[in-house]
Amino acid sequence: MPDTPEAPERIIAPVPRITIQAFCEAPETAAMIEGVASDRRLQKAHVKVQMGGGAAAVEAYRHAPTPNVILIEFVALKSRPLECLDQLAEVCDEGTKVLVIGHVNDVLLYRQFIQRGVSEYLMAPVAAVDLIAAVSDLFTAPGAKPVGRTIAVYGARGGSGSSTVAHNLAWTVAREHGTATVIADLDIAFGTASLNFNQDPPQGIAEAVFAPERLDSNLLDRLLSKCADNLALLSAPATLDRTVDLTEPAFDALIDLLRLAVPCIVLDVPHHWSAWSRRVLIGADEILIVASPDLASLRNVKNLLALLQQQRPNDAQARVLLNGVGVPKRPEIAAAEFAKALDVPLQAVIPFEPALFGTAANNGQMIAEVQAGAKPAEIFSELAAAVTGRAEIRRARANLLEPLLARLTRKKAS
Ligand SMILES: Nc1ncnc2c1ncn2[C@@H]1O[C@H](COP(=O)(O)OP(=O)(O)OP(=O)(O)O)[C@@H](O)[C@H]1O
Ligand SMILES: [Mg+2]
């Protein structure tokens with residue numbers, strides 16, 4: 001196997017926190033990719049290697065979401081590479097990139113791969129450094145989009161459970177989708193993320209926000225504390241040593257940096273109304289408003305939806321969920337009434353379960369860790385699929401071919 005080290009003039013940028021899944025046919029290729037996984041530029045990536053080639057990939061993603069990169073090896077035409085790619089195209093989530101390692105040197109076949117939306121065809125035997133460069137180029141080439149999607153979670157009123165929802169949602173995305181996820185606790189003075197994950201990191205979001213001139217990807221890496229597989233936390237110091245008077249763009253640099261490095265960023269936004277919190281909400285890819293079934297929440301959600309719609313005319317409406325429904329003896333606005341008054345469907349209705357939520361909070365655990373089959377745990381699974389775009393994409397069966405066809409048509413036209 002050729003393994004030319006990186007030439008001095010060849011700079012390969014580190015890849016962001018993506019997931020790469022490889023399906024090999026030759027043991028040598030599998031071994032090469034296993035080796036690549038520990039390369040410094042793939043340090044943040046999560047690499048999984050298995051055998052079975054294209055057929056195994058098709059089987060694997062029939063019912064599971066696709067990762068950021070799928071790597072498929074075809075040793076010979078008898079593995080039916082084109083058929084496999086066509087089947088894969090039917091189940092591929094938007095944004096998933098496919099790289100092919102092939103053993104057949106044939107221009108026509110190469111063209112057919114590219115026509116099917118394959119990002120790159122690498123001839124075996126592939127040098128480790130060429131594979132790293134190919135993956136890196138997908139995410140760091142000029143014009144490549146940042147990988148991160150931000151999800152802001154905001155309470156319609158204080159204590160509505162927005163942090164609890166944000167943390168359980170992030171944990172579920174990391175666990176069930178295998179997507180690298182970061183929770184950023186923006187409640188600098190009172191944040192609960194570190195308590196809810198039973199963590200005590202020495203540094204966190206305050207260092208990033210109060211010393212923006214020092215903020216870069218190295219510092220960010222040091223500030224993140226790992227709290228589960230694929231899940232890291234940017235915790236709030238939760239001290240009153242200093243007051244928190246932030247400028248409007250206070251979180252801009254941090255969020256931009258996170259976007260470049262992490263596929264899913266859950267922003268636990270405290271229930272404040274300030275220039276910066278308004279800006280964080282308006283700038284998020286997805287907004288989830290957590291409301292209680294009462295009049296004040298209803299009024300606040302109505303105002304928030306109106307403002308957000310006006311400020312984000314080209315975006316989908318913020319999602320609204322009701323939390324803590326069914327407190328004994330408490331008069332509540334029924335979910336159907338709440339939705340009707342807002343004229344939007346509710347994303348979810350989470351019951352009031354004090355024993356379950358209280359145990360989770362006291363133990364520093366997530367709901368599914370306390371009781372895996374509990375109704376709220378199922379709701380968090382559905383919510384994770386919805387806010388990460390999985391539910392919609394699965395339904396629409398995004399086609400691998402579309403981006404490539406669009407590119408080709410544009411090229412022809414120009
Ligand atoms: N569905 C629920 N049933 C019972 N208790 C709940 C539920 N959801 C949240 N809680 C509890 O309510 C309390 C407040 O939750 P949380 O801290 O998430 O609210 P918040 O909206 O983030 O509050 P703040 O406005 O202070 O940021 C916590 O003790 C949490 O365990
Ligand atoms: Mg909170």
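Numbering of ligands and ligand atoms starts at 1, following listing order.
Taking a 4.0 Å cut-off on heavy atoms, Pro351 registers as neighbouring ligand 1. Using a non-hydrogen distance threshold of 4.0 Å, Gly155 does not register as a contact of ligand 1. Under the 4.0 angstrom criterion for non-hydrogen atoms, Gly324 is in contact with ligand 1.
Residue contacts with ligand 1 for Pro270 are absent, since no atom lies close enough (heavy atoms, distance under 4.0 Å). At a heavy-atom cutoff of 4.0 Å, ligand 1 is contacted by no atom of Leu356, backbone or side chain.
Closer than 2.8 Å to the Mg ion (ligand 2) sit the protein N, O or S atoms Ser163 OG.
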Candidate pair Phe23 and Tyr61, rule ring-ring contact (aromatic ring centres under 6.0 Å, His included), full reasoning: CA-CA 12 Å; Phe23 297 84; Tyr61 300 122; 5.6 Å; yes

Carefully, step by step, assess Ile72 and Leu88 under the rule side chain to side chain contact (heavy atoms under 4.5 Å, CB included). CA-CA 11 Å; Ile72 300 177; Leu88 203 56; 3.5 Å; yes

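By the definition of a contact as any protein heavy atom under 4.0 Å away, atom 11 (C) of ligand 1 is not in contact. The protein reaches atom 15 (O) of ligand 1 closely, with a heavy atom under 4.0 angstrom from it. Less than 4.0 angstrom separates atom 23 (O) of ligand 1 from at least one non-hydrogen atom of the protein.
The protein atom (non-hydrogen) at minimum distance from atom 5 (N) of ligand 1 is Phe357 CB, 3.5 Å. Shortest contact from atom 19 (O) of ligand 1 to any protein heavy atom: Gly161 N, 3.1 Å.
Looking at heavy atoms from C-beta onward, Phe197 lies out of side-chain contact with Ser235 at the 4.5 angstrom threshold.
A pairwise comparison of heavy atoms in Val36 and Ala128 identifies CG2-CB, 3.5 Å as the closest pair. In terms of heavy atoms, Thr179 sits closest to Pro263 at CG2-CB, 3.7 Å. Nearest approach of Val262 to Ala180, heavy atoms of both residues: CG1-O, 3.5 Å. Closest approach of Thr243 to Asp245, counting heavy atoms only: OG1-OD2, 2.9 Å.
A 6.0 Å sphere centred on NZ of Lys44 holds more than 12 heavy atoms belonging to other residues, nucleotides or ligands. The local environment of NE2 in His271 is crowded, with over 12 non-hydrogen atoms from other residues, nucleotides or ligands closer than 6.0 Å. Crowding of Asp216 atom CG: a count of heavy atoms from other residues, nucleotides or ligands under 6.0 Å exceeding 12.
A salt bridge links Arg157 to Asp294: one of the charged nitrogens lies within less than 4.0 Å of a carboxylate oxygen. Contact check on Asp229 versus Arg175 returns no salt bridge, with no Lys/Arg side-chain nitrogen under 4.0 Å from an Asp/Glu carboxylate oxygen. Look at Asp285 and Arg259 and you find a salt bridge, because one of the NZ, NE, NH1 or NH2 atoms lies within 4.0 Å of a carboxylate O, short of that distance.
For ligand 1, the polar-atom distance check against Arg157 finds no nitrogen or oxygen pair separated by under 3.5 Å. Note: no N/O pair closer than 3.5 Å links His271 and ligand 1 by distance alone. Polar contact with ligand 1: present for Ser162 (N/O pair, distance under 3.5 Å). Between Val165 and ligand 1, no pair of N/O atoms sits closer than 3.5 Å.
If you number the atoms of ligand 1 from 1 as listed, the ones under 4.0 Å from a heavy atom of Gly158 come out as 25 (O). Close approach of ligand 1 to Ser160 (heavy-atom distance below 4.0 Å) involves ligand atoms 21 (O). Annotation for ligand 1: atoms under 4.0 Å from non-hydrogen atoms of Phe352 are 3 (N), 4 (C). Contact atoms of ligand 1 toward Thr164: 9 (C), 15 (O), 16 (P), 18 (O), 30 (C) (distance under 4.0 Å to a heavy atom of the residue).
Remark: the Asn362 side chain and the Thr359 side chain contain no N/O donor-acceptor pair separated by less than 3.5 Å.
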